[in-house]
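Scroll down for the structure; my scribbles are underneath it.
Being a predicted model, the structure only gives us computed values, none of them experimental. A, B, ... follow the sequence lines: proteins, then strands. Residue 1 opens every chain.
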2 protein chains.
Amino acid sequence: MSDRPTLKDVAARAGVSPMTVSRVVNGEPGVGPETAARVERAIRDLGYQRDAVASQLRRKGQLAHTIGLLVDNVADPFMAAFASAVEDVARQRGNVVLIGTSRDDLKREREVIAAFTARRVDGLIIIPVEGSHRFLQPAVSTGTHVVCADRRAPGLDVDTVIVDNREGVRDAVAHLIAHGHRRIAFLGDRKEIWTIAERHAGYLEALAAAGLPADPALVRNGLRHAPDAATAVKELLEQPDPPTAVFAGNDIVAVGALETLPPSVAMVAFGDFVLATRLDPPVTIVYQDPVAIGTTAAHLLFARIHGDLSQARTVVLPTHLIVRGSGELPPRSR
Amino acid sequence: MSDRPTLKDVAARAGVSPMTVSRVVNGEPGVGPETAARVERAIRDLGYQRDAVASQLRRKGQLAHTIGLLVDNVADPFMAAFASAVEDVARQRGNVVLIGTSRDDLKREREVIAAFTARRVDGLIIIPVEGSHRFLQPAVSTGTHVVCADRRAPGLDVDTVIVDNREGVRDAVAHLIAHGHRRIAFLGDRKEIWTIAERHAGYLEALAAAGLPADPALVRNGLRHAPDAATAVKELLEQPDPPTAVFAGNDIVAVGALETLPPSVAMVAFGDFVLATRLDPPVTIVYQDPVAIGTTAAHLLFARIHGDLSQARTVVLPTHLIVRGSGELPPRSR
DNA sequence: ATGAAAGCGCTAACAA
DNA sequence: TTGTTAGCGCTTTCAT
């Protein structure tokens with residue numbers, strides 16, 4: 001296990017100065033073809049690879065070609081697809097991606113982001129957890145660009161890519177109402193999460209628009225994992241005057257709910273999931289495109305990195321109601 | 001957008017030498033409490049954060065506390081769960097993770113790995129694509145530790161974490177045979193992928209052990225996406241003497257196959273997937289634990305990074321046949 | 001076309 | 001306890 005070869009080693013072997021090697025490595029002009037060939041040869045012989053760390057240090061104001069990506073949980077299908085899209089764009093642009101997870105914990109988010117900025121990333125794409133993100137301000141003002149995705153971050157004036165959660169849910173709940181439902185349950189993850197709060201608001205707006213009462217007994221929040229949702233559904237259906245329809249606030253909740261939800265109860269879910277079309281009835285969803293969110297966020301970030309100085313903007317991507325059956329069931333007393 | 005403050009800036013503000021600030025930042029002894037307090041203050045005032053890049057450069061032989069993780073595709077649920085586990089262990093150990101994807105392309109894999117090693121990662125965890133990995137040898141011999149996960153890499157003598165694919169499939173196909181099936185189809189992803197080749201081998205072994213002929217017309221490989229599998233199933237069932245059971249070589253193929261597979265045809269799938277229990281019939285699977293694979297790989301890597309010099313070893317994790325219904329259906333002519 | 005000197009931000013090694 | 005000097009591997013700047 002020897003040391004990795006340096007510029008100097010290559011220079012010595014090729015019988016030139018380190019500077020000449022540097023020029024060859026970086027494809028800069030001003031090296032004779034004969035010399036260049038000799039240097040190339042030495043590079044290959046030694047298996048030399050430029051040290052990006054050292055290079056970055058000297059090139060002041062230069063880019064690290066590294067971005068940081070912070071998600072809540074990579075194992076979540078939505079975030080996995082999102083992260084995949086970000087990585088793809090980054091790669092096309094010759095960047096590498098540092099990935100980290102917050103697990104819905106602001107302290108952890110701060111630590112991960114600190115570890116990223118300590119490594120001088122050029123920018124960050126984050127799915128922010130609840131809480132103030134003012135701690136990012138110093139990084140932002142010293143040139144680290146930040147883009148928020150999926151959720152807004154309060155007190156942070158940066159580019160943001162979201163979908164219109166409120167509208168998506170409003171339409172979906174109106175859809176259930178149009179099919180005759182009056183008692184519609186809302187199942188959500190932690191309501192501190194921005195998207196969940198928005199979706200809950202959309203739910204309430206749809207009820208209000210139809211002149212229906214909002215019964216708190218039909219709302220269950222804080223469902224983090226699938227089994228939580230399964231239990232919540234069971235409890236909801238056991239109470240007097242149970243819901244005839246259920247709105248699931250995200251894919252994980254939907255999948256959990258489906259473990260205990262009888263096929264006769266109508267359902268619409270926010271976000272798509274595998275095999276939703278294969279269930280009986282197939283599950284009607286509010287579709288959002290994680291790849292589009294990731295791609296858009298990445299493009300915004302790279303625009304900033306490459307000098308875009310315009311005002312921070314918010315891109316709102318559309319959602320689509322995809323009708324498959326479960327949301328069109330009539331209300332049915334059980 | 002000012003420059004980020006350096007050690008020197010802090011030193012000037014606190015009226016001490018840079019070295020003293022360095023000591024405070026790194027929690028080293030030999031600084032008077034009074035001085036330390038003044039330095040801390042200056043650090044906070046300026047919003048100073050240590051530059052990990054510069055620090056790493058000087059501390060020769062020291063660690064970057066960064067590892068590289070290469071998967072085929074982060075959006076794949078198996079790899080997402082795997083990556084999540086790796087990230088978790090890395091974080092616990094104070095490391096950050098560079099993530100990259102190969103998309104089943106050796107050239108891309110090489111490029112991503114080169115980008116990682118150029119940044120002096122302490123180690124790599126890779127799900128290798130098909131092909132020689134000898135290009136990693138220089139990195140390995142200059143101290144970059146490598147662990148392979150999920151698949152073996154030919155010609156690379158490094159720690160490897162896999163499951164016993166062959167045995168898992170053998171048992172599953174034997175299970176189908178025990179339930180009376182004689183014509184069992186095999187649906188696989190690209191057979192160049194190590195796991196798929198192993199699974200196919202297990203399939204053939206089970207048939208041979210039961211004295212059944214291996215009909216090539218029942219084998220479909222190269223199914224990369226769900227729709228490919230759906231089409232393959234349709235074609236298989238249309239041919240004369242169609243299969244009465246199907247073995248799906250991975251979760252993606254399974255989900256695709258289920259789009260067109262009639263409930264009367266038996267099925268066992270390799271790898272679990274969401275809602276497998278909710279289908280009719282629920283899907284019998286060969287379970288493998290992506291989190292265990294990721295955790296094990298990460299532990300092996302960190303052991304190496306921290307000086308483990310023992311011979312490269314292979315950890316083989318078990319699989320489990322989880323009986324749910326679809327694999328216990330009797331053969332039925334259609 | 002090539003090289004020498006200096007320095008990026010930090011820390012190892014050695015004073016004082 | 002504190003500071004000085006040198007240098008990590010590279011690139012900028014300025015010479016030749």
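For Asp189(B), the side chain to side chain donor-acceptor pair (under 3.5 Å) partners are Arg224(B), not counting sequence neighbours.
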request  = Apply salt bridge (charged side-chain N to carboxylate O under 4.0 Å, His left out) to Glu109(A) and Arg103(A), showing your working.
outcome  = CA-CA 8 Å; Glu109(A) 181 188 298; Arg103(A) 312 268 167 186; over 6 Å; no
message = Could you go through Glu130(B) and Arg151(B), starting from their C-alpha distance and side-chain angles, then the distance that decides it, and tell me whether this counts as salt bridge (charged side-chain N to carboxylate O under 4.0 Å, His left out)?
response = CA-CA 9 Å; Glu130(B) 163 68 11; Arg151(B) 308 173 188 165; over 6 Å; no
query = Taking it one step at a time, do Asp308(A) and Arg313(A) satisfy salt bridge (charged side-chain N to carboxylate O under 4.0 Å, His left out)?
reply = CA-CA 12 Å; Asp308(A) 179 351; Arg313(A) 70 205 111 151; 2.5 Å; yes
request  = Take Arg38(B) and Glu34(B) through the test salt bridge (charged side-chain N to carboxylate O under 4.0 Å, His left out) and record every step on the way to the result.
outcome  = CA-CA 7 Å; Arg38(B) 234 169 48 245; Glu34(B) 220 287 293; 3.3 Å; yes
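End-to-end axis angle of the helix from dA1(C)-dT16(D) to dA16(C)-dT1(D), using five pairs per end and rounding to 10°, comes to 40°.
The nearest heavy atom of DNA chain D to Gly32(B) and to Arg58(B) marks one nucleotide each, and the one closer to the 5' end goes with Gly32(B).
Here chain A contacts DNA chain C (any atom closer than 4.0 Å to a heavy atom, that is under 4.0 Å), and the contacts span dA1(C) to dG9(C) from 5' to 3'.
Here the options are Thr160(B), Thr314(B), Thr195(B), the test is side-chain hydrogen bond (donor to acceptor under 3.5 Å, both in side chains), and the partner is Arg152(B); only Thr314(B) passes. Residue Ile99(B) is tested with Val74(B), Val86(B), Ile67(B), Val112(B) for a side chain to side chain contact (heavy atoms under 4.5 Å, CB included); the sole match is Val74(B).
Screening residues 63-110 of chain A for ring-ring contact (aromatic ring centres under 6.0 Å, His included) gives no qualifying pairs among residues at least two apart or on separate chains.
Of the possible polar contacts, one joining the Arg304(B) side chain to the Ser310(B) backbone as a donor-acceptor pair under 3.5 Å is found.
We find that CG of Leu7(A) is positioned 12 Å from P of dC8(D), with the value rounded to whole Å. The distance from atom CG of Leu57(B) to atom C1' of dT11(D) is 12 Å, rounded to the nearest whole Å.
With no hydrogens or angles considered, no side-chain donor-acceptor pair links Thr117(B) and Arg4(A) at under 3.5 Å.
Of the charged side-chain nitrogens involved, none lies within less than 4.0 Å of a carboxylate oxygen, so that Arg13(B) and Asp9(B) do not count as a salt-bridged pair. Glu87(B) has no carboxylate O lying under 4.0 Å from a charged side-chain N of Arg91(B), or vice versa, which leaves the two without a salt bridge.
Under 4.0 angstrom from either OP1 or OP2 of dT11(D) there lies at least one side-chain N or O belonging to Ser55(A).
A 6.0 Å sphere centred on CZ of Arg190(A) holds more than 12 heavy atoms belonging to other residues, nucleotides or ligands.
Listed by residue number, the members of residues 9-28 of chain A with any heavy atom below 4.0 angstrom from DNA chain D are Met19(A), Ser22(A), Asn26(A). For residues 35-53 of chain A, proximity to DNA chain D is found at Tyr48(A), Arg50(A), Asp51(A), defined as any non-hydrogen atom under 4.0 angstrom from a strand atom.
Note on Arg4(A): nothing from the nucleic acid sits closer than 4.0 angstrom, heavy atoms only.
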